[in-house]
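Please see the structure below; I have some questions.
In what follows, every heavy atom counts, from backbone to side chain, and hydrogens, waters and symmetry copies are set aside. All values derive from a computational prediction rather than experimental measurement. A, B, ... follow the sequence lines: proteins, then strands. Residue 1 opens every chain.
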2 protein chains.
Amino acid sequence: MTAKVKRKYKFAVMAVDVAIFTIKENKLHSLLIQMKKKPFSGMWAAPGGLIRGTESLDIAANRLLLEKAGVKNVYLEQLYAFGEPSRDPFGRVVSVAYFALIPSRGIILKTTKEYADVRWFPVKKLPKMAYDHKKIIGTAAKRLQAKLGYTNIVYSLLPKEFTLTEMQEAYEIILGKKMDKRNFRKKIFSLKLVKKIAKKQQGEANRPANLYKFTARKLKIVEIL
Amino acid sequence: MTAKVKRKYKFAVMAVDVAIFTIKENKLHSLLIQMKKKPFSGMWAAPGGLIRGTESLDIAANRLLLEKAGVKNVYLEQLYAFGEPSRDPFGRVVSVAYFALIPSRGIILKTTKEYADVRWFPVKKLPKMAYDHKKIIGTAAKRLQAKLGYTNIVYSLLPKEFTLTEMQEAYEIILGKKMDKRNFRKKIFSLKLVKKIAKKQQGEANRPANLYKFTARKLKIVEIL
DNA sequence: GCAAAAGTGTTTAACATACACCCATGG
DNA sequence: CCATGGGTGTATGTTAAACACTTTTGC
């Protein structure tokens with residue numbers, strides 16, 4: 001891919017990279033950081049880095065999200081280990097990729113001096129990316145699609161209080177298809193995933209929608225689709 | 001867990017371990033090797049070892065299965081990366097676990113001088129195991145159960161030619177429950193997973209069963225259960 | 001009073017489940 | 001001829017899918 005890069009590490013080392021998603025502006029977005037060091041300067045990457053000697057993989061993933069992007073309190077699960085020998089020009093780096101979700105309201109991104117920029121990109125319009133990170137984002141997006149179908153994972157993309165239309169839109173955006181409003185609600189109600197609260201959405205030029213919250217904000221296996 | 005073991009590696013190193021299953025004697029079995037070196041001497045472990053600098057994870061998994069147990073040509077997929085700092089007393093070893101399946105007919109196990117023994121154990125009666133390998137086998141068994149439900153993965157546990165009763169028994173053994181013969185067959189036929197061949201099972205003291213083969217010996221996503 | 005999104009049921013088709021008897025072979 | 005597992009169909013209940021109009025608000 002690129003010529004002559006000094007191999008920094010003599011042995012295989014372990015990295016963790018995190019594909020983190022949110023829904024913004026009716027599109028699925030992924031958080032990327034812009035690299036400074038060659039040969040990837042200007043290119044974008046998922047937040048990640050080497051693990052420390054004393055931390056578990058899960059803890060490393062949480063730490064790196066916070067350090068590299070200022071993000072915390074997210075849904076996080078292990079995705080896949082990427083270990084092609086050629087995937088990192090600095091040496092043999094095996095990356096355990098993680099997959100994270102966060103609601104978009106109220107996130108403040110943090111740039112560090114190590115990186116040029118931190119931004120959300122629509123998953124359908126990713127910029128030029130470093131390493132095999134485009135593949136990692138793609139694998140994570142597929143996992144997200146699959147999990148929508150058999151778990152209540154959508155809770156981790158929505159705020160505490162939300163309308164059923166917002167919930168349905170999350171499905172439609174991620175799955176890339178329209179769904180039937182009545183059938184969708186019937187299913188959600190029959191599974192008792194949400195409960196109505198005594199508040200309505202305000203300030204819209206139309207009938208105000210009821211607000212709901214999840215009965216449990218914890219991953220559960222349920223047949224949704 | 002055990003006292004005073006010299007830490008052999010200064011940095012985190014990468015290992016691959018393989019949970020391999022077959023069906024034997026109407027039970028799900030996993031292949032284990034018996035260790036010689038302390039502090040695990042006498043205990044059993046899934047075949048595995050350190051990755052080489054130039055091989056991918058998938059290739060390492062295949063190589064280790066062959067080297068440590070003499071097994072090849074198996075269904076193999078990545079399972080999960082286990083990275084608790086304390087999981088290996090020799091140092092910081094992150095293990096990418098794999099999950100493998102093989103039909104039981106005609107396998108010849110190979111013992112090496114590095115290990116005391118190689119044997120199949122019923123998954124419900126595992127011996128005392130090294131590292132976190134009991135957890136790895138357990139995670140793999142759950143993955144297998146789940147995949148039976150939404151893929152044609154059972155092909156990798158059956159011989160080229162098999163009876164429908166054998167196929168159904170594979171499901172019953174792994175899921176731990178009886179299934180209805182007529183409904184099972186209806187489902188398998190409607191998905192066109194198998195085709196009848198012009199041979200019958202011989203030598204049983206009852207009506208001979210028709211033999212079948214899979215239309216495709218390749219992983220496919222299909223709603224079976 | 002109009003534009004915009006919210007909310008709400010019924011009908012039909014597909015699929016899952018439960019269930020019992022006759023058949024072909026070996027010994 | 002008997003023991004053993006092989007092979008087959010139907011009726012019922014449950015779930016999925018298709019489909020359109022009325023309501024409530026802001027402006």
Review point. Thinking salt bridges, do Lys213(B) and Glu161(B) make one under a 4.0 Å N-O criterion?
Key: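 No.
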Check your understanding: When you measure from the side chain of Ser56(A) to the backbone N and O of Glu84(B), does any donor-acceptor pair fall under 3.5 Å?
Key ->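 Not at all, since once roles are kept as given, no pair shorter than 3.5 Å links the two residues.
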Review point. Ignoring hydrogens and geometry, is there a side-chain-to-backbone donor-acceptor pair from Ser95(A) to Val16(A) under 3.5 Å?
Key: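 Not confirmed, Ser95(A) side chain does not pair with Val16(A) backbone.
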Review point. Does Thr165(A) make a side-chain N or O approach to OP1 or OP2 of dA5(C) shorter than 4.0 Å?
Key: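 Checking dA5(C) against Thr165(A), no side-chain N or O comes under 4.0 Å of OP1 or OP2.
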Exercise for review: Answer whether the closest heavy-atom distance between the side chains of Lys72(B) and Arg63(B) falls below 4.5 Å.
Suggested key: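 No, too far: nothing below the 4.5 Å cut-off.
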Check your understanding: Between Asp58(A) and Tyr98(A), does any side-chain donor sit less than 3.5 Å from a side-chain acceptor?
Key ->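 Side chains of Asp58(A) and Tyr98(A): pair found under 3.5 Å.
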Practice item. Please tell me which of the listed nucleotides, dG7(D), dC19(C), dT8(C), lies nearest to the side chain of Asp180(B)? Key: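 Closest nucleotide among those given: dC19(C).
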**Study point:** Any donor-acceptor N/O pair under 3.5 Å between dT15(D) base and Lys186(A) side chain
**Key:**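 No pair found.
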Point to revise | Close side-chain approach of Leu148(B) to Val154(B), heavy-atom, < 4.5 Å | key: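 Heavy-atom side-chain distance check passes, below 4.5 Å.
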Check your understanding: In whole angstroms, how far is the C1' atom of dT15(D) from the CZ atom of Arg185(A)?
Key ->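 About 20 Å, once rounded to whole Å.
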Review point. More 5' along DNA chain D: Leu225(A) or Lys181(A), using each one's nearest nucleotide?
Key: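 This one resolves to Leu225(A).
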Review point. Is Lys36(A) atom NZ crowded by more than 12 heavy atoms from other residues, nucleotides or ligands, each under 6.0 Å away?
Key: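 Yes - once you tally the heavy atoms of other residues, nucleotides and ligands closer than 6.0 Å, there are more than 12.
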Point to revise | Whole angstrom value for the distance that separates P of dG7(D) from CZ of Phe184(B) | key: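 Nearest whole value for this atom pair: 13 Å.
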Point to revise | Residue closer to the 5' end of DNA chain C, Tyr212(A) versus Asn183(B) (nearest nucleotide) | key: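 Between the two, 5'-proximity favours Tyr212(A).
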**Study point:** Angle of first-five versus last-five pair axes in the helix from dG1(C)-dC27(D) to dG27(C)-dC1(D), to 10 degrees
**Key:**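 Axis-to-axis angle, ends of the helix: 0°.
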Practice item. Using the six-membered ring wherever Trp is involved, compare the ring planes of Phe184(B) and Tyr171(B) and label them parallel, tilted or perpendicular (cut-offs 30° and 60°). Key: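 Correct class here is perpendicular.
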Practice item. Send over the distance from Met179(B) CE to dC19(C) P, rounded to a whole Å. Key: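 Going from CE in Met179(B) over to P in dC19(C) covers 16 Å.
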Review point. Can you find a donor-acceptor pair, distance only, under 3.5 Å between Asn210(A) side chain and dA6(C) base?
Key: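 No, no donor-acceptor pair under 3.5 Å.
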Practice item. Indicate whether the side chain of Tyr131(B) and that of Asp17(B) have a donor and an acceptor atom separated by less than 3.5 Å. Key: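 There is no such pair between these side chains.
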Check your understanding: What is the distance, rounded to the nearest whole Å, between atom CZ of Phe189(B) and atom P of dG6(D)?
Key ->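 Taking atom P of dG6(D) as the reference, CZ of Phe189(B) is at 13 Å.
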Review point. Do the side chain of Arg182(A) and the base of dA20(D) come within less than 3.5 angstrom through a donor-acceptor pair of N or O atoms?
Key: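 It does, because a donor-acceptor pair links the side chain of Arg182(A) to the base of dA20(D) below 3.5 Å.
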**Study point:** Plane angle bin for Tyr212(A) and Phe189(A) - parallel if under 30°, tilted between 30 and 60°, otherwise perpendicular
**Key:**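 Tilted.
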**Study point:** Nearest-Å distance for atom pair CD1/P, residues Ile188(B) and dG7(D)
**Key:**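 It is 14 Å, rounded to the nearest whole Å.
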Exercise for review: Find the distance Lys178(A):NZ to dA18(D):P and express it as a whole number of Å.
Suggested key: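 Going from NZ in Lys178(A) over to P in dA18(D) covers 16 Å.
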Review point. Separation of Gln202(B) atom CD from dG27(C) atom P, in whole Å?
Key: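 So the CD-P distance, Gln202(B) to dG27(C), works out to 12 Å.
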Name the pairs: protein N/O against N/O of nucleotides 24-26 of chain D, kept only if under 3.5 Å.
residue: dT24(D); atom: O2; partner: Arg207(A); partner atom: N; Å: 3.0

Practice item. Figure out the CD1/P separation between Ile224(B) and dA16(C), and round it to whole Å. Key: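 These atoms are roughly 12 Å apart.
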Exercise for review: Identify whether any heavy atom of Lys187(A) sits under 4.0 Å from a base atom; if not, whether one sits that close to sugar-phosphate; answer base, sugar-phosphate or nothing.
Suggested key: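 The residue Lys187(A) makes sugar-phosphate contact but no base contact.
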